[in-house]
Student: 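There's a structure below that I have some questions on.
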Amino acid sequence: MALKVYNSYTRQKEVFESITPGHVGMYVCGPTVSGESHLGHARPYITFDVLFRYLRYKGYKVRYVRNITDAGHFEEEGRAAEDKVGKKALLEKLEPMELVQKYTNLFHWAFSQFNCLEPSIEPTATGHIVEQIDMIKKIIAEGYAYEVKGSVYFDVKKYATQYDYGKLSGRIIDDLLSATRELDGQQEKRDPADFALWKSAAPEHIMRWSSPWGVGFPGWHIECSAMATKYLGAEFDIHGGGMDLQFPHHESEIAQSTICNHISPVRYWMHNNMITINGKKMGKSYNNVIKLTEMFTGDHPLLTQAFSPMTIRFFILQSHYRSPLDFSSEALVASEKAFKRLWEAYSILKEFKPDETGENVTDVLLEGKVLNWLEEFDDFMDDDLSTPKVIANMFELAPIINSLKDGLIPITSLTTSTIKLMQEKFEVFMEDIFGLENENKTGNETLKGVMKLLLDIRKDAKNKKDFATSDKIRNQLLDIGVLLKDEKDGGMNWTI
RNA sequence: GGUCCUUUGGCCGAGUGGCUAGGCAAAGCUCUGCAAAAGCUUCUACAGCGGUUCGAAUCCGCUAGGGACCUCCA
């Protein structure tokens, strides 16, 4: 089956066909490193990490470009231009690049916790000022930008006469052009809908570069256009990002690149929906953010406990990326338990020795069901990354795995090849595609030795019906977070 | 105000007109020294009203609630 993705540009699911067979160019808008990443940021980077992993699974060679926005851009056109990064740096008495480095490191750390693969290229805006200036020059030469007092603006009105500005975001150009904004400096622009390509820098502005139009800094939208063009070409396959970036950011990217390269830059625009908290989007402007470090430690009034990176990753995968996802501690707790149960079943599955069974099916019905659920893994992913459905199927299989282990279902019910397929599919989807990983810290050899000793003592106690000792060991271990489970055959299991 | 989206059982969330989504919680049972885990079973919902249809959570309309974007935002 062919992969289908929802293209925001055409507003429908389309069969994915890459421009260059076997290769995919993918660009995702990265973080602005002027602050700490919060829960909302986890969604796009995990979503597109799964897409990246799935494309590779499908056999594509993928160049995944995700930028770092480290050049502060103005907060609002026309208003006194403020360099976000520069401004905060003053307050914290740090060099701008020191701050950028700090938050970039933190970002990298958080997303490695999420087991996100590193992008193929992670370009920084400050490292591509030259490319951005070149691109602006080209746009001016093409006649779609004009300079005013050291700033350069894109001429949206002119662009709209030939191209469909507003198509991606469903904007009506006349509304945009007639929109009136009571902002200072608005007079500079020929039309309120015009956006800045280059802003002249006020003297107090720390981040500044020389340009043909004077000292200043690049507009926000131009960095993505410049870097995407440089590393992926004039036309590339996938551009991803949060829905809130559709307008004006992505709309403007299309305009800039189209004028510069004479071709619409992106084949498939993909946008993830927002994470909400009490029904409201999580965002700086709403003052309702929960930072990732707070999620990991549980140190936030809205959190009843700490939540591990894998719990959060699983929580995000349990909903479809284009649906809004409402955060609550309760929902995270549910995901934590669900993930634990699923991973446990997966671990059990890994231990199966399929050779014990044969090629003679003793339960045709079950065999058929299992095979069907497994086949659907791929179908569901092909259908615009329906991760929740894949997970639902995994949960259909979990009781079967557990029953096979406990002997409630004879192992001979399924053929060798089915067991092997199940093992293979679970491994590929859980680990390679979903990027989930074991969080148990049971790998330490010393700890293992100590635990073996404790279990031996407890087994002896149990055999002597010394339940006081047996329970003491179990309860005290539970107090420090080690869960003991007795098994049917008298064995014992433990997890942290 | 404009554009668009959304409203599913106690909670979270899939849902392509006809077939049990799934998870968490809760209850009962089985297993068990007791637990835990596991297994089985129960709880069967689609905001309201009207329409289309043999048949609608799914399509259309109206009403009500919620949200996103229009300004930095993933």
Side-chain angles (χ1 to χ4, degrees), chain A residues 11 13 28-32 34-35 37-48 72-79 82 84 166 169-172 174-176 178-179 181 183 193 220 240-249 271-276 278-286 289 314-315 318-320 322-328 330-342 344-345 348 380 383 386-396 398-403 405-409 462 465-467 470-471 474-475 478 483-488 493 495:
Chain A
R11 287 152 207 275
K13 280 185 200 168
V28 173
C29 287
T32 302
S34 60
S37 301
H38 58 75
L39 181 61
H41 294 110
R43 201 161 194 202
Y45 305 130
I46 288 173
T47 296
F48 291 107
H73 43 261
F74 42 86
E75 289 188 330
E76 202 164 77
E77 290 175 43
R79 202 179 268 179
E82 287 178 318
K84 272 163 73 182
S169 53
R171 237 29 64 137
I172 295 162
D174 290 336
D175 292 351
L176 293 172
S178 64
R181 293 182 222 172
L183 301 169
W220 174 35
M243 262 182 180
D244 50 352
L245 295 181
Q246 267 184 10
F247 189 89
H249 186 52
H271 292 97
N272 63 277
N273 214 314
M274 300 292 105
I275 286 185
T276 58
N278 295 323
K280 276 257 193 301
K281 175 184 163 186
M282 188 177 287
K284 278 174 233 165
S285 17
Y286 297 99
V289 299
F314 190 73
F315 171 67
Q318 268 186 304
S319 76
H320 191 263
R322 283 191 291 111
S323 300
L325 175 59
D326 197 45
F327 161 86
S328 69
E330 292 83 350
L332 261 298
V333 168
S335 287
E336 181 181 78
K337 290 183 180 172
F339 175 58
K340 208 170 175 186
R341 193 166 104 83
L342 195 60
E344 185 72 19
I348 290 167
F380 290 155
D383 185 17
S386 298
T387 53
K389 287 180 160 185
V390 177
I391 291 172
N393 272 22
M394 287 176 167
F395 274 110
E396 295 283 4
I400 292 167
I401 293 167
N402 288 325
S403 295
K405 183 208 169 212
D406 289 342
L408 295 169
I409 297 174
K462 270 187 77 176
K465 300 229 185 281
D466 175 9
F467 295 124
S470 155
D471 288 353
R474 187 176 64 197
N475 294 337
L478 188 62
L483 182 69
L484 271 196
K485 285 185 277 187
D486 289 339
E487 296 182 321
K488 279 210 163 56
N493 223 329
T495 52

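Since this is a predicted model, take the numbers as computed values, not measurements. In what follows, chains are A, B, ... by sequence order, proteins preceding strands, each numbered from 1.
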Student: To the side chain of A:Asn402, which of B:rA38, B:rA37, B:rA74 is closest?
Tutor: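 The answer is B:rA38.
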Student: Among the nucleotides B:rG13, B:rA74, B:rA37, which one has an atom lying closest to any side-chain atom of A:Asp326?
Tutor: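 In terms of side-chain proximity for A:Asp326, the closest of B:rG13, B:rA74, B:rA37 is B:rG13.
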Student: Can you say whether the rings of A:Phe339 and A:Phe314 are parallel (under 30°), tilted (30 to 60°) or perpendicular (over 60°)?
Tutor: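 Rings of A:Phe339 and A:Phe314: tilted, as their planes differ by 30° to 60°.
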Student: Between A:Asp326 and A:Asn278, what is the shortest heavy-atom contact and its length?
Tutor: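 Looking at all heavy atoms of both residues, the shortest contact is OD1-N, 3.4 Å.
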Student: Send over the distance from A:Lys462 NZ to B:rU32 P, rounded to a whole Å.
Tutor: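 In whole Å, B:rU32 P lies 11 Å from A:Lys462 NZ.
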Student: I need the minimum non-hydrogen distance between A:Phe380 and A:Lys389, along with the two atoms involved.
Tutor: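 Closest pair (atom of A:Phe380, atom of A:Lys389, distance): CD1-CB, 3.4 Å.
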Student: Between B:rG48 and B:rA56, how many Å separate the two C1' atoms, rounded to a whole number?
Tutor: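 Per the computed distance, 16 Å lies between those C1' atoms.
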Student: In whole angstrom, give me the gap between the C1' atoms of B:rG65 and B:rC46.
Tutor: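 Pairwise C1' distance, B:rG65 against B:rC46, rounds to 16 Å.
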Student: Tell me if the side-chain of A:Asp486 makes a donor-acceptor pair with the base of B:rA35, cut-off 3.5 Å, by modelled atom types.
Tutor: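 It does, because a donor-acceptor pair links the side chain of A:Asp486 to the base of B:rA35 below 3.5 Å.
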Student: Between the protein and nucleotides 2-5 of chain B, list every N/O to N/O distance that falls short of 3.5 Å.
Tutor:
| from | atom 1 | to | atom 2 | distance (Å) |
| --- | --- | --- | --- | --- |
| B:rG2 | O2' | A:Asp175 | OD2 | 3.2 |
| B:rU3 | O2' | A:Gly170 | O | 3.0 |

Student: Mapping A:Ala398 and A:Ser323 onto RNA chain B by nearest heavy atom, which one lands closer to the 5' end?
Tutor: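 Upstream on the strand: A:Ser323.
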Student: Nucleotides 20-26 of chain B: which of its N/O atoms have a protein N/O under 3.5 Å away?
Tutor:
| from | atom 1 | to | atom 2 | distance (Å) |
| --- | --- | --- | --- | --- |
| B:rG22 | OP1 | A:Glu396 | OE2 | 3.4 |
| B:rC24 | OP1 | A:Arg341 | NE | 3.4 |
| B:rA25 | OP1 | A:Lys337 | NZ | 3.0 |

Student: Determine the contact category for A:Leu342: base if any of its heavy atoms lies under 4.0 Å from a base atom, sugar-phosphate if only primed atoms, P, OP1 or OP2 are that close, otherwise nothing.
Tutor: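 A:Leu342: no heavy atom of the nucleic acid under 4.0 Å.
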Student: If I pick the C1' atom on B:rU8 and the same atom on B:rG66, what distance separates them, to the nearest angstrom?
Tutor: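 That atom pair is separated by 15 Å.
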Student: Between the base of B:rG33 and the side chain of A:Ser470, is there any donor-acceptor pair under 3.5 Å?
Tutor: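 By the distance-only test, yes, there is a pair.
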Student: Write down the distance separating the C1' atoms in B:rU30 and B:rA37, rounded off to the nearest Å.
Tutor: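 The answer is 14 Å between these two C1' atoms.
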Student: Between C1' on B:rA74 and CG on A:Leu245, what's the gap in Å once rounded to a whole number?
Tutor: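 Roughly 6 Å, once rounded to whole Å.
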Student: Identify, between A:Ala331 and A:Gly279, the residue whose nearest nucleotide on RNA chain B lies closer to the 5' end.
Tutor: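 That would be A:Ala331.
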Student: Atom NE2 of A:His249 and atom P of B:rC70: how far apart are they, to the nearest Å?
Tutor: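 Atom-to-atom, A:His249 to B:rC70, this comes out as 13 Å.
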Student: If we take the C1' atom in both B:rC11 and B:rC29, what is their distance in whole Å?
Tutor: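 Approximately 25 Å lies between the C1' atom of B:rC11 and that of B:rC29.
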Student: Treating a pair as Watson-Crick (purine N1 to pyrimidine N3 plus N6-O4 or O6-N4) or G-U wobble (N1-O2 and O6-N3) with both distances under 3.5 Å, list the stems of 3 or more consecutive pairs that involve RNA chain B.
Tutor: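 Stem list for RNA chain B: B:1-7 with B:64-70, B:10-12 with B:22-24, B:26-30 with B:38-42, B:47-51 with B:59-63.
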Student: Considering all heavy atoms of both residues, which atom of A:Phe247 and which atom of A:Ser169 are nearest to each other, and what is their separation?
Tutor: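 Closest approach of A:Phe247 to A:Ser169: CD1-OG, 3.4 Å.
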Student: So A:Lys280, base contact, sugar-phosphate only, or nothing? Heavy-atom distance under 4.0 Å.
Tutor: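 Answer is sugar-phosphate: A:Lys280 comes under 4.0 Å of backbone atoms only.
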Student: Minimum heavy-atom separation for A:Arg11 to A:Gly170, with atom names?
Tutor: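 Answer, listing the atom of A:Arg11 first, then A:Gly170: NH2-N, 3.1 Å.
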Student: Rounding to the closest angstrom, what is the interatomic distance between B:rA57 and B:rG17 at atom P?
Tutor: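 Roughly 13 Å separates the two P atoms.
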Student: Does any N or O donor sit under 3.5 Å from an N or O acceptor when you compare the side chain of A:Arg474 with the base of B:rA35?
Tutor: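 Present.
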Student: Below 30° counts as parallel, above 60° as perpendicular, anything between as tilted: where do the rings of A:His41 and A:His38 land?
Tutor: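 Taking A:His38 first and then A:His41, their aromatic rings sit tilted (interplane angle of 30° to 60°).
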Student: A:Met394 near the nucleic acid: base, sugar-phosphate alone, or nothing, with a heavy-atom cut-off under 4.0 Å?
Tutor: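 Counting heavy atoms under 4.0 Å across all strands, no contact is made by A:Met394.
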Student: Could you state the atom-to-atom distance from CZ of A:Arg322 to C1' of B:rG67 in whole Å?
Tutor: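 Whole-Å distance recorded here is 17 Å.
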Student: May A:Tyr45 be described as stacking on the base of B:rA74, applying a 5.5 Å centroid limit and a 30° limit on plane angle?
Tutor: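 Check failed, A:Tyr45 does not stack on base of B:rA74.
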Student: Using the P atoms only, state how far B:rG15 lies from B:rG55, rounded to an integer number of Å.
Tutor: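 Approximately 27 Å lies between the P atom of B:rG55 and that of B:rG15.
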Student: Distance between the C1' atoms of B:rC43 and B:rG9, in whole angstroms?
Tutor: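 Going atom to atom, C1' in each nucleotide, I get 9 Å.
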Student: Which part of the nucleic acid does A:His320 contact within heavy-atom distance under 4.0 Å: base, sugar-phosphate only, or nothing?
Tutor: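 The residue A:His320 makes sugar-phosphate contact but no base contact.
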Student: Tell me whether the OP1 or OP2 atom of B:rA74 has a side-chain N or O from A:Tyr286 closer than 4.0 Å.
Tutor: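 For A:Tyr286, the contact criterion (side-chain N or O under 4.0 Å from OP1 or OP2 of B:rA74) is not met.
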Student: Using only side-chain N and O atoms of A:Lys340, determine if any of them is under 4.0 Å from OP1 or OP2 of B:rA37.
Tutor: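 Negative; the distance criterion is not met.
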Student: What's the CD1-P distance between A:Ile409 and B:rU30, to the nearest Å?
Tutor: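 One finds 20 Å between P of B:rU30 and CD1 of A:Ile409, rounded.
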Student: When the distance from NZ of A:Lys405 to P of B:rA37 is rounded to whole Å, what number comes out?
Tutor: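 Rounding to the nearest Å, NZ of A:Lys405 and P of B:rA37 are 13 Å apart.
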Student: Any base atoms under 4.0 Å from A:Met243, or only sugar-phosphate, or nothing? Heavy atoms, all strands.
Tutor: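 Nothing, no heavy atom under 4.0 Å.
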